[in-house]
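Presented below is the structure to which this report refers.
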Protein chains: 2
Amino acid sequence: MTNNDGTSAGDEVATAREEVVEAMATTAEMYGMKRSVGRLYGILYFADGPLSLDELVERSDYAKSTVSTAMTTLERYYFVQRRSLPGEGKRAFFEAERDWWSVMRRVLETEGQREVVTMTRALESAERQLGETNSEQATDSLERVRELQAYYRQIEQFVDLLTGLSSEELAAMAEMIETETELPSDDR
Amino acid sequence: MTNNDGTSAGDEVATAREEVVEAMATTAEMYGMKRSVGRLYGILYFADGPLSLDELVERSDYAKSTVSTAMTTLERYYFVQRRSLPGEGKRAFFEAERDWWSVMRRVLETEGQREVVTMTRALESAERQLGETNSEQATDSLERVRELQAYYRQIEQFVDLLTGLSSEELAAMAEMIETETELPSDDR
DNA sequence: TTGTATATTCGGCATATACCGAATATTCAG
DNA sequence: CTGAATATTCGGTATATGCCGAATATACAA
């Protein structure tokens, strides 16, 4: 019974997937998300098609409420798409976005901008206040505020660049990068 | 008493700084770090020179233990540098790294690679296992595993590119990016 | 509209985290 | 080596988080 038909050797496939799913959970954790969110994404990533909440509960052993909220956050970050199939009543189905470049791009657009906005607003306000004050301290602080403003302007340029490219363009760009394999210095 | 000497108008400067410091705390939170870490970095960012633990305690109102651990994590992520001034005994001083490009580069090198390694390892292992199995499931999973591997190869290219450039080069690159201001389509 | 299948929200429990202050460890001067 | 100054670690407490199951809300079918 050495496989070739879907049913046998299911264990092998399952353990292989499990390894990746766990890595996704760990990665999710690195980004401050819950492990459950990572695992559930992983399950969807390998699923044959869209899964319902109950199927996800079945395959993950998480409570339905946990799965539900996980789907909300995954949706928020563009990792899954929610779909309602016709004739299926209220039942919702979830499908993994497998193009991570597209996820990254959209996360950059929304979340990335949150940081930029938070900092930029504070920096502008501080710049205004400090501009009206004439102590040495104020001048020094102002300079440091301006340094950060410059940095964020540059960051925004990069974000604009990245969010302006399609996944294919990003992938192509990556392929174009030549990784100079640490040559011995070329000083004759 | 409308300022011009360091002591007066200290309030103005303090509130301006405070706004930025709070924004840093919020940003730290976004990255899954503690607010205290963000605030303490902010204090160092605006400080005239290196500060000791006790000075940081003084200026932040956090307990010394809190400041100590915060300094450890800030150091870990290259946001501050610890220095021991000669003749100052055991006393340590902390100075903010103000070049955020350099911070970003070093964080990418260390932390960024953690994600890449975690995923890459799992993907390779899964690839091996799935390669030895011949079910339809295995073939499908294998394909999806390979997609992720391709993505991570590309990510590594970008990381290599970014970590290979100096802050000046990165800044210059940013300035070079033309932010096409959404032109009306150029189809004649 | 009502009933039914489904999704979301809420309260609670267990665990994890942030911070503090006290206890311990470390460094340097002498 | 000892002592004084400093840093780090540890245990405790209050708060936050992750997850569950029950209660509630919602959407669709008839």
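Quick note: numbers below take in every heavy atom, side chains included, and nothing from hydrogens, waters or symmetry partners. So you know, we letter chains A, B, ... as the sequences are listed, proteins then strands, and number each from 1.
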Notebook entry, point to check: Would you say Thr27(A)'s side chain and Ala23(A)'s backbone share a donor-acceptor pair under 3.5 angstrom?
Noted result: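 Yes.
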Check: Hey, is the main chain of Ala28(A) close enough, under 3.5 Å, to the side chain of Arg35(A) for a donor-acceptor pair?
Finding: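 Pair absent, no side-chain N/O of Arg35(A) close to backbone of Ala28(A).
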Give the rounded distance in Å between these two atoms: [atom1] of [X] and [atom2] of [N].
| X | N | atom1 | atom2 | answer |
| --- | --- | --- | --- | --- |
| Glu55(A) | dT6(C) | CD | C1' | 13 Å |
| Arg39(B) | dA18(C) | CZ | C1' | 15 Å |
| Leu85(B) | dC28(C) | CG | P | 12 Å |
| Leu74(B) | dT8(D) | CG | P | 13 Å |
| Met71(A) | dT9(C) | CE | P | 15 Å |
| Arg83(B) | dA7(D) | CZ | P | 15 Å |
| Asp54(A) | dT4(C) | CG | P | 18 Å |
| Arg82(B) | dT6(D) | CZ | P | 15 Å |

Item checked: More than 12 heavy atoms from other groups under 6.0 Å of CZ on Arg82(A) ->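 Yes, enclosed.
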Notebook entry, point to check: Does Leu161(B) share a hydrophobic cluster with Leu165(A), counting links as ILVMFWY side-chain heavy atoms below 4.5 Å and allowing steps through other members?
Noted result: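 Shared cluster, yes.
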Checklist line | With Tyr152(B), the side-chain hydrogen bond (donor to acceptor under 3.5 Å, both in side chains) member among Glu115(B), Gln157(B), Glu147(B) | finding: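 Only match with Tyr152(B) under side-chain hydrogen bond (donor to acceptor under 3.5 Å, both in side chains): Glu115(B).
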Margin query: I want to check something: taking the side chain as every heavy atom from C-beta on, are Glu19(A) and Arg121(B) in contact at a cut-off of under 4.5 Å?
Written below: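 Answer no - side chains too far apart.
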Item checked: Heavy-atom side-chain proximity of Ser135(B) to Val13(A) below 4.5 angstrom ->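 Counting from C-beta outward, Ser135(B) and Val13(A) do come under 4.5 Å.
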Note to self: Going by salt bridge (Lys or Arg N to Asp or Glu O under 4.0 Å), name the residues that satisfy it together with Arg105(A), two or more places apart in sequence or in a different chain.
What the structure shows: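 Scan of Arg105(A) (salt bridge (Lys or Arg N to Asp or Glu O under 4.0 Å), adjacent residues dropped) gives none.
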Next item on the list: Can you check each nucleotide of nucleotides 16-30 of chain D against protein heavy atoms at under 4.0 Å and return B for base, S for sugar-phosphate only, - for none, in 5' to 3' order?
Entry: --SSBB----BSS--
Next item on the list: State, to the nearest 10°, the angle formed by the axis through the first five base pairs of the helix from dT1(C)-dA30(D) to dG30(C)-dC1(D) and the axis through its last five.
Entry: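 The value is 30°.
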Next item on the list: Tell me, please, whether Tyr77(A) has Arg106(A) positioned over its six-membered ring: NZ or CZ under 6.0 Å from the ring centre and within 45 degrees of its axis?
Entry: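 No cation-pi geometry.
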